[in-house]
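Here's the structure, in structure tokens; my notes come after.
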Amino acid sequence: MKVKPFYSNFKIKDKIFSVSLLLLMIFGLLGLITYHYFTSLYEERIYDESADMLRLSSSVVDKELNMIEDLSFQVSTDGVVQRYIDTINNEKYTFEAYETESRLLERLLTYASIRRYISSMQVIDRYGEKHTTGFDTEIENDSLKIRRLLADTEGANVWTPVDGENAISSARLIRKKENLSLQNLGTLIISIDMDEFVKETLNFSPDNKDFVITSDNEIFYQSNEGEWEIEDFSNEGDGSGYTTTEIDGKEYLLSYSHSQFSQLTYHHLLPYDNISKQTDAIKLIMIVCFLLMLTLTILLSRRAANNISKPLESLSARMKKVQEGDFDESIPEEYYNDEIGELHDNFRLMLNRINELIKENYTKQLMIKETEYKALQAQINPHFLYNTLDSINWLAKINKQEKISVMADALGNMMRNIISKKAPMITIKEELEIVRNYITIQKYRYDQRLVFSLDIPMDYHESKIPKLSIQPIVENAIQHGLEEMIDECRISVDITEVGEDLEITVTDNGPGIEEDKLEGIYRGKIHSKSSGIGLSNINERIKMMFGDAYGITIDSTIGEGTKVRILLPFMTE
């Protein structure tokens with residue numbers, strides 16, 4: 001017995017996706033191996049390049065600071081500077097000393113302008129008086145501390161931090177060189193703005209700005225002021241190199257280099273987060289590649305599955321919609337040169353035939369309604385009716401029966417407007433004329449019990465309306481309202497504009513209509529007592545003419561009255 005493969009019972013779509021899943025697993029495994037390989041390779045290169053870059057940066061800083069030491073030596077041995085200082089020391093509080101100080105400051109400013117990061121250059125004479133010039137003379141050095149440091153240096157340069165400022169100073173004794181007397185003339189202090197110094201001498205990337213200078217267990221400068229403590233830099237050895245260290249729970253790659261010219265030590269700290277950014281970038285690339293392969297695999301498998309199963313699924317879904325009564329479904333313009341394509345074509349032809357039959361039946365129903373409406377108009381012989389009413393009118397006038405004459409004349413005008421106008425659409429003005437004639441007749445019948453008001457702006461008089469839309473509603477208000485109450489019945493007709501449509505409202509204060517009767521009126525089961533034109537008939541006529549968005553709405557409250565709203569398009573042509 002031949003054993004079937006385990007996937008033999010799978011649907012076609014499942015088989016396609018199984019192959020896609022297998023390909024995806026292979027791609028994922030290859031991606032994982034590639035990621036680990038490139039991660040280890042890049043991390044090793046990053047460590048080496050970071051250490052080389054940091055050592056090179058330290059060398060640049062060291063050479064620049066050595067240049068400052070050379071400048072300090074040059075200034076302190078400048079014969080002009082020494083002569084000025086000697087004059088100031090010997091001619092204290094004289095005009096000559098004042099002029100000499102000005103020339104000394106000009107001379108010092110010339111030296112200070114050599115580098116932008118030199119914030120100030122200061123000379124302290126034998127009497128402790130300070131003579132300062134430069135771009136930022138507010139930086140104050142601890143002169144006592146500097147003198148104490150210089151006491152045993154015999155004129156050598158000493159580096160010292162500036163208290164309260166992220167700056168360092170180069171200091172040395174000024175010893176008289178004339179006749180090699182080596183007499184102490186004063187002290188020279190060059191203050192350096194380290195932020196500007198680092199900005200000019202080092203071009204660090206934004207991730208490599210943790211630069212620190214230390215000496216003798218003291219921090220001279222740090223780029224992120226106040227972030228580091230001297231204890232963080234106590235584990236490095238002599239010379240240059242790099243090591244890993246943990247500071248405040250965070251891992252760093254610490255590179256250090258001792259100055260070749262001074263007692264300073266330079267440090268660069270590179271957070272391991274910065275190193276991980278490189279590997280994270282590689283990870284992101286691998287994820288993007290994996291997602292790209294995933295997308296490609298899914299798209300190809302879905303396309304293959306759709307080409308096989310989508311035609312049948314589409315046809316089945318369309319049949320279900322038609323079964324639910326949705327005959328307006330759009331037919332996709334997608335054809336197949338096979339048996340499924342023939343099914344689609346046959347179904348399309350069948351659906352078109354059904355829609356044609358529906359439209360044909362709808363047209364027949366519309367014609368039947370229109371025929372019934374015209375038959376209602378034709379029930380009265382116009383000429384006989386006009387002649388009879390005219391005879392009654394003249395007979396009433398001869399016998400001085402004014403009420404009978406007015407009622408006969410109003411009835412004649414009303415019927416003439418109804419019967420003589422054959423068009424289904426008339427103006428609101430003409431419709432209101434029918435209503436006024438009808439109310440004239442009813443006024444004589446009900447006398448003071450009927451109070452009628454009509455508030456129609458002239459702007460709406462020329463708008464078109466289906467004939468006999470308002471009068472039957474007013475008649476229903478009288479028949480179902482006034483005749484069932486003993487109090488005064490108030491009926492009003494108003495028109496308001498709603499967007500681009502008109503809303504005609506007929507309101508009465510009658511006894512109201514119960515909810516079950518309202519449902520019967522909407523369904524056409526309850527008809528008018530006299531005219532035969534029920535509200536449901538008017539509602540159906542309006543919907544057939546203008547669509548389901550228009551028609552009649554009835555709001556009624558038992559004991560308070562009824563409000564009938566007619567929504568029609570604002571038509572003037």
Side-chain angles (χ1 to χ4, degrees), residues 362-363 366-367 369-374 376-377 382 410-443 450-479 481 490-508 521-522 524 528 531-556 561-573:
Y362 179 80
T363 304
L366 186 62
M367 293 177 61
K369 290 289 184 180
E370 188 66 22
T371 302
E372 291 176 353
Y373 174 68
K374 290 182 177 179
L376 178 65
Q377 289 182 321
L411 180 60
N413 292 333
M414 175 180 168
M415 300 308 296
R416 189 175 290 108
N417 288 332
I418 295 174
I419 298 173
S420 63
K421 292 179 173 60
K422 302 299 183 180
M425 299 287 291
I426 62 175
T427 64
I428 289 180
K429 180 180 179 181
E430 293 170 337
E431 177 73 15
L432 294 180
E433 187 63 30
I434 296 174
V435 174
R436 288 190 182 95
N437 288 320
Y438 174 75
I439 291 298
T440 299
I441 298 171
Q442 297 298 336
K443 275 282 190 179
L450 175 61
V451 178
F452 180 78
S453 63
L454 192 64
D455 184 14
I456 308 299
M458 296 289 292
D459 296 340
Y460 306 136
H461 279 194
E462 298 304 319
S463 178
K464 296 291 185 178
I465 186 174
K467 185 165 61 175
L468 290 180
S469 295
I470 302 177
Q471 186 273 332
I473 297 176
V474 174
E475 183 176 350
N476 281 336
I478 293 176
Q479 296 291 334
R490 294 185 298 277
I491 300 174
S492 63
V493 179
D494 305 286
I495 294 183
T496 56
E497 194 169 344
V498 180
E500 297 181 356
D501 303 323
L502 289 181
E503 184 178 82
I504 304 171
T505 306
V506 179
T507 307
D508 67 71
I521 292 174
Y522 279 124
S528 173
S531 68
I533 304 177
L535 298 183
S536 62
N537 183 273
I538 299 173
N539 190 38
E540 290 178 6
R541 274 199 296 141
I542 294 174
K543 289 184 179 298
M544 283 191 292
M545 288 182 177
F546 307 115
D548 292 337
Y550 301 95
I552 289 178
T553 304
I554 305 174
D555 296 327
S556 183
T562 303
K563 182 179 292 186
V564 181
R565 295 185 176 90
I566 309 172
L567 185 64
L568 296 167
F570 194 167
M571 301 172 57
T572 56
E573 296 182 359

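Please read all numbers here as calculations on a predicted model, not as lab measurements.
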| task | Look up atom CG in N476 and atom CG in L535, then write down how far apart they are to the nearest 0.5 Å. | result | 4.5 Å

| field | Nearest non-hydrogen partners of I552 and V564, listed with the distance | value | CG2-CG1, 3.7 Å

| query | Between S469 and I538, which heavy-atom pair has the shortest distance, and what is it? | reply | O-CD1, 3.8 Å

| Side-chain touch I504/I465, heavy atoms, less than 4.5 angstrom | yes

| query | What's the verdict on side chain to side chain contact (heavy atoms under 4.5 Å, CB included) for T427 and K464, showing C-alpha distance, side-chain angles and the deciding distance? | reply | CA-CA 4 Å; T427 64; K464 296 291 185 178; 4.1 Å; yes

| message | Restricting to non-hydrogen atoms, name the atom on M571 and the atom on F546 that form the minimum distance, rounded to 0.1 Å. | response | SD-CE2, 3.4 Å

| query | Rounded to the nearest 0.5 Å, what separation is found between the CZ atom of F570 and the CD atom of E503? | reply | 14.0 Å

| task | Answer yes or no: is there a donor N or O on one side and an acceptor on the other, between the side chain of K443 and the main chain of L450, under 3.5 Å? | result | yes

| What are the two closest non-hydrogen atoms of M545 and P466, and how far apart are they? | SD-CG, 3.8 Å

| said: Restricting to non-hydrogen atoms, name the atom on I478 and the atom on Q442 that form the minimum distance, rounded to 0.1 Å. | reply: CD1-CG, 3.8 Å

| E431 side chain to Q471 backbone, donor-acceptor under 3.5 Å | yes

| field | Heavy-atom pair of closest approach, residues S556 and T562 | value | OG-OG1, 3.0 Å

